[in-house]
J.: 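Shown below is the structure under consideration.
Chain A is the first sequence line, chain B the second, and so forth, proteins listed ahead of strands; every chain is numbered from 1. Note that the structure is predicted; figures quoted are calculated from it, not measured.
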There are 2 protein chains.
Amino acid sequence: MEKQTVTIYDVAREAAVSMATVSRVVNGNPNVKPATRKKVLEVIDRLDYRPNAVARGLASKKTTTIGVIIPDVTNAYFSSLARGIDDIAMMYKYNIILTNSDENGGKEVQVLNTLMAKQVDGIIFMGNQVTDELREEFRRSKAPIVLAGSVDAEKTQPSVNIDYVAAVAEAVKNLIDHGNRKIAFVSGSMDQAINHDYRLKGYKKALKDAGIAYDDKLVFETDYTYKAGQSLEPALSAAGATAAFVGDDELAAGVMNGLTDAGVAVPDEFEVITSNDTKLTELVRPKMSSITQPLYDIGAVAMRLLTKLMNNETVDENTVILPYGLMKRSSTK
Amino acid sequence: MEKQTVTIYDVAREAAVSMATVSRVVNGNPNVKPATRKKVLEVIDRLDYRPNAVARGLASKKTTTIGVIIPDVTNAYFSSLARGIDDIAMMYKYNIILTNSDENGGKEVQVLNTLMAKQVDGIIFMGNQVTDELREEFRRSKAPIVLAGSVDAEKTQPSVNIDYVAAVAEAVKNLIDHGNRKIAFVSGSMDQAINHDYRLKGYKKALKDAGIAYDDKLVFETDYTYKAGQSLEPALSAAGATAAFVGDDELAAGVMNGLTDAGVAVPDEFEVITSNDTKLTELVRPKMSSITQPLYDIGAVAMRLLTKLMNNETVDENTVILPYGLMKRSSTK
DNA sequence: CTTTGATGTGAAAGCGTTTTCACTCTTGCG
DNA sequence: CGCAAGAGTGAAAACGCTTTCACATCAAAG
């Protein structure tokens, strides 16, 4: 025996009004006489009527659902953003369809398509490799799309970020100020805009400002994993580096622990500064110095921006830049 | 100018067939002559037709979307499960509506209701405090619900877990075997079934087996946060404990770092063993010994189980128990 | 009284699919 | 050559809501 669903029609019949009226009271439309409203509400309560959101979505062309594409929920940086997104979404009565992309272009395109098929009202995209194909899909979408904690070199989509160039430059300058001349730049794939177009630029800028020559032997392109960082020590030492800027906290933890395990003292013999200021930075010993980012807020602001876009409100600034900082902990002098 | 949507009707007209036929080819129904299929496919391609999943959901009463209730995406334990869930879901063509509950009963009930309103085909629930009200909602649901990494004392819902009692008992026995007599039990709220009904039982069992009297002064009920753990050191020392079993990795990292910072040597003066075997255990120094759980698999199996339930397949065992292990690292002797 | 403008309500047309049912062709077989 | 059994297709009825439009009612204003 299937559980029976009660529809708006049942309520209308029982309350001796039309479906239109029931719909009005359900949606808080003021054009209903208080007495009628009360009557309808009673029936709704009695029958335990619950509006079917799918039918509503079909009729109104709004699903109050947004899509969120995330590289990996398991990643502390992105999950912090996701938390900010969800909280604000909930505040505005939206739900979130969350999908992991592994920053895999093909998967991203596919996911984007199913999200659009599901008629989401908006999309938040996280991931740093916006391919042409992806950009094309973005354009095709009738739902607004905002990038959170993610950059696209072409700046074609609304986005929320910090000023990565300036932040990295400042972090590296800090290392330089401590007397380091050979500073490693450790990051994930250089195919990602955030690395080659932003972080590396900041790195180069700091070097240039200090009159230090750029040496690509000091640039280490690897995976965003703890293991990858851990196994980097020999190379780092071989290159003669005495400090490193790292583009991801987990990676940085690996780098640092790898160094420590190899007998290199952090920060005395080698300084490390990382990028994302996730919880991780406080857990490891020594605690890691880091660029600080308002992680939760990046997600929250992105979601807020999306709500405006979905309501066709005019927004003054499509690409918002949130403030960053530098947190000195114990992995730098 | 709104972007125009092309509907199944447009395709039917252009291909000079009926909507029914278009629907058939879209859904891979074999009852279509190859020639017709080809013709329709061409038109679909030419018009760039994309089926509207909402309309489809209304007509078919299946949304290929499932709801996932998670305490906090930011938590490494749960986000690992979530990753397993999403991967399997994607494999079976489902999408996930993810919502954070903060293990707040009221929020959980509310979220559950909106999920049901959105006609999700199934629900995966994570959270260890199944209130009566919640249980009542579960019962009301026509979508199957499975618990992942979460226990309900009443065992009324399908679930996927490890044998917490045995695992904790083994972990504590290990501590006892190392000569510890005063072993602290550190966990989150005792209101949670997993703590008072499982972990604590395992703890008591191990003590009893070793002939050690249970002393509730050694039970520390706190928050699942790093900070909470860190500030526990004075109390731990005051109670004369020489070892601790901890119910959460982040909490355990806090405990351990708090101890270390206070000059208590881990593991020489104080041993720590934790519960979830998340990445964290490897990041901290010393690395933490832990009960090992197949995190990803718990999520994956839960999702797989859910697919069966959604298809009305008969499942032999509704409450599945996955194997656990014990990983000795450096926070125990 | 009539007129006017709000206010409250209902009928019915969508929204874009799936699915049932009936119907028309083909086949293969006796 | 006739007929039963598929195979292939279309018409149209759902699915459960929102929204438009027209209509009725009523109070205030003239």
J.: Can you tell me the distance, in whole Å, between the CZ atom of B/Arg13 and the C1' atom of C/dT17?
T.: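 Taking atom C1' of C/dT17 as the reference, CZ of B/Arg13 is at 17 Å.
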J.: How close or far is atom C1' of C/dT19 from atom CD1 of B/Ile8, stated in whole angstroms?
T.: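 Rounding to the nearest Å, CD1 of B/Ile8 and C1' of C/dT19 are 11 Å apart.
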J.: If a pair satisfies side-chain hydrogen bond (donor to acceptor under 3.5 Å, both in side chains) and one of its residues is in residues 117-129 of chain A, list it, with sequence neighbours excluded.
T.: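 Qualifying pairs: A/Thr63-A/Asp121, A/Lys118-B/Thr64, A/Lys118-B/Thr65, A/Lys118-B/Asn95.
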J.: Examine distances only and state if a side-chain atom of A/Asp297 and a backbone atom of A/Ala300 form a donor-acceptor pair shorter than 3.5 Å.
T.: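 Side chain of A/Asp297 to backbone of A/Ala300, a donor-acceptor pair under 3.5 Å: no, none is there.
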J.: Please check this pair: side chain of A/Asp10 against backbone of A/Thr7, looking for a donor-acceptor N/O pair closer than 3.5 Å.
T.: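 Yes.
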J.: Pairs under 3.5 angstrom only: tabulate donor-acceptor contacts from the side chains of residues 37-46 of chain B to other protein residues two or more places apart or in another chain.
T.:
residue	atom	partner	partner atom	Å
B/Arg37	NH2	B/Asn29	O	3.2
B/Arg46	NH2	B/Glu14	OE1	3.4

J.: Using the test ring pair (Phe, Tyr, Trp, His ring centres under 6.0 Å), find all partners of A/Tyr77 that sit at least two apart in sequence or belong to another chain.
T.: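 By the ring pair (Phe, Tyr, Trp, His ring centres under 6.0 Å) rule, A/Tyr77 matches no residue at all.
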J.: Any side-chain N or O of A/Asn27 less than 4.0 Å from the OP1 or OP2 oxygen of D/dT18?
T.: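 Affirmative; the distance criterion is met.
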J.: So what does A/Ser23 hit on the nucleic acid, given a heavy-atom distance under 4.0 Å: a base, only sugar-phosphate, or nothing?
T.: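 The answer is base, as A/Ser23 lies within the cut-off (heavy atoms under 4.0 Å) of a base atom.
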J.: Taking the minimum atom-to-atom distance to the side chain of B/Lys61, which one of D/dG16, D/dT19, C/dT18 wins?
T.: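 Looking only at heavy atoms from C-beta outward on B/Lys61, the closest nucleotide is D/dG16.
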J.: Select base, sugar-phosphate, or nothing to describe what B/Thr7 touches, counting heavy atoms under 4.0 Å on all strands.
T.: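 Contact class for B/Thr7: sugar-phosphate only.
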J.: Treating A/Thr114 as the side-chain partner and A/Val111 as the backbone partner, does any N or O pair qualify as donor plus acceptor under 3.5 Å?
T.: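 Yes; at least one donor-acceptor contact below 3.5 Å.
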J.: The criterion is side chain to side chain contact (heavy atoms under 4.5 Å, CB included); which residues satisfy it with A/Arg50, sequence neighbours excluded?
T.: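 Per chain and number, A/Arg50 pairs via side chain to side chain contact (heavy atoms under 4.5 Å, CB included) with A/Asp48, B/Asn113, B/Met116, B/Glu137, B/Arg140.
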J.: Which residues satisfy the side chain to side chain contact (heavy atoms under 4.5 Å, CB included) test with A/Ala12, sequence neighbours excluded?
T.: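 Partners of A/Ala12 by the side chain to side chain contact (heavy atoms under 4.5 Å, CB included) criterion, ordered by chain and then number, come out as A/Met19, A/Val22.
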J.: For B/Glu103, give me all partners under salt bridge (charged side-chain N to carboxylate O under 4.0 Å, His left out), at least two apart in sequence or on another chain.
T.: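 B/Glu103: no salt bridge (charged side-chain N to carboxylate O under 4.0 Å, His left out) contacts found.
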J.: To the nearest Å, give me how far apart OH (A/Tyr9) and C1' (C/dA11) are.
T.: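 Going from OH in A/Tyr9 over to C1' in C/dA11 covers 12 Å.
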J.: Pairs under 3.5 angstrom, nitrogen or oxygen only, protein versus nucleotides 26-28 of chain C, please.
T.:
none

J.: In chain order, what residues pass the ring pair (Phe, Tyr, Trp, His ring centres under 6.0 Å) check against B/Phe125, with sequence neighbours excluded?
T.: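 Per chain and number, B/Phe125 pairs via ring pair (Phe, Tyr, Trp, His ring centres under 6.0 Å) with B/Phe138.
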J.: Using Watson-Crick or G-U wobble pairs with both distances under 3.5 Å, give me DNA chain D in dot-bracket, 5' to 3', with [ ] for crossers and | for pairs to another strand.
T.: ||||||||||||||||||||||||||||||
J.: Whole Å only: how far is the NZ atom of B/Lys118 from the P atom of D/dG16?
T.: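 It is 18 Å, rounded to the nearest whole Å.
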J.: Tell me, please, which residues at least two apart from A/Thr74 pass side chain to side chain contact (heavy atoms under 4.5 Å, CB included).
T.: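 Expected list: A/Asp72, B/Ser79, B/Ser80, B/Arg83, B/Lys279.
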J.: Is the distance from OP1 or OP2 of C/dG16 to the nearest side-chain N or O of B/Arg56 less than 4.0 Å?
T.: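 Answer is no, no contact under 4.0 Å.
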J.: Could you run down the sub-3.5 Å N/O contacts of the protein with nucleotides 4-13 of chain D?
T.:
residue	atom	partner	partner atom	Å
D/dT9	OP1	B/Thr36	OG1	2.5
D/dT9	OP2	B/Lys33	N	2.8
D/dT9	OP2	B/Thr36	OG1	3.2
D/dG10	OP2	B/Ser18	N	2.8
D/dG10	OP2	B/Ser18	OG	3.2
D/dG10	OP2	B/Thr21	OG1	2.7
D/dG10	O6	B/Arg24	NH2	2.7

J.: Can you name the salt bridge (charged side-chain N to carboxylate O under 4.0 Å, His left out) partners of B/Arg304, sequence neighbours left out?
T.: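 If we apply the salt bridge (charged side-chain N to carboxylate O under 4.0 Å, His left out) test to B/Arg304, skipping adjacent residues, there are no hits.
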J.: Mind calculating the distance between CG (A/Asn29) and P (D/dT19) to the nearest angstrom?
T.: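 To the nearest whole Å, that distance equals 10 Å.
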J.: Consider the side chain of A/Ser60, meaning its heavy atoms from C-beta on, and name the nucleotide among D/dC17, C/dT17, D/dT19 that approaches it most closely.
T.: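 Given the options D/dC17, C/dT17, D/dT19, the side chain of A/Ser60 is closest to D/dT19.
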J.: Atom CG of B/Leu58 and atom P of C/dG14: how far apart are they, to the nearest Å?
T.: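 Going from CG in B/Leu58 over to P in C/dG14 covers 17 Å.
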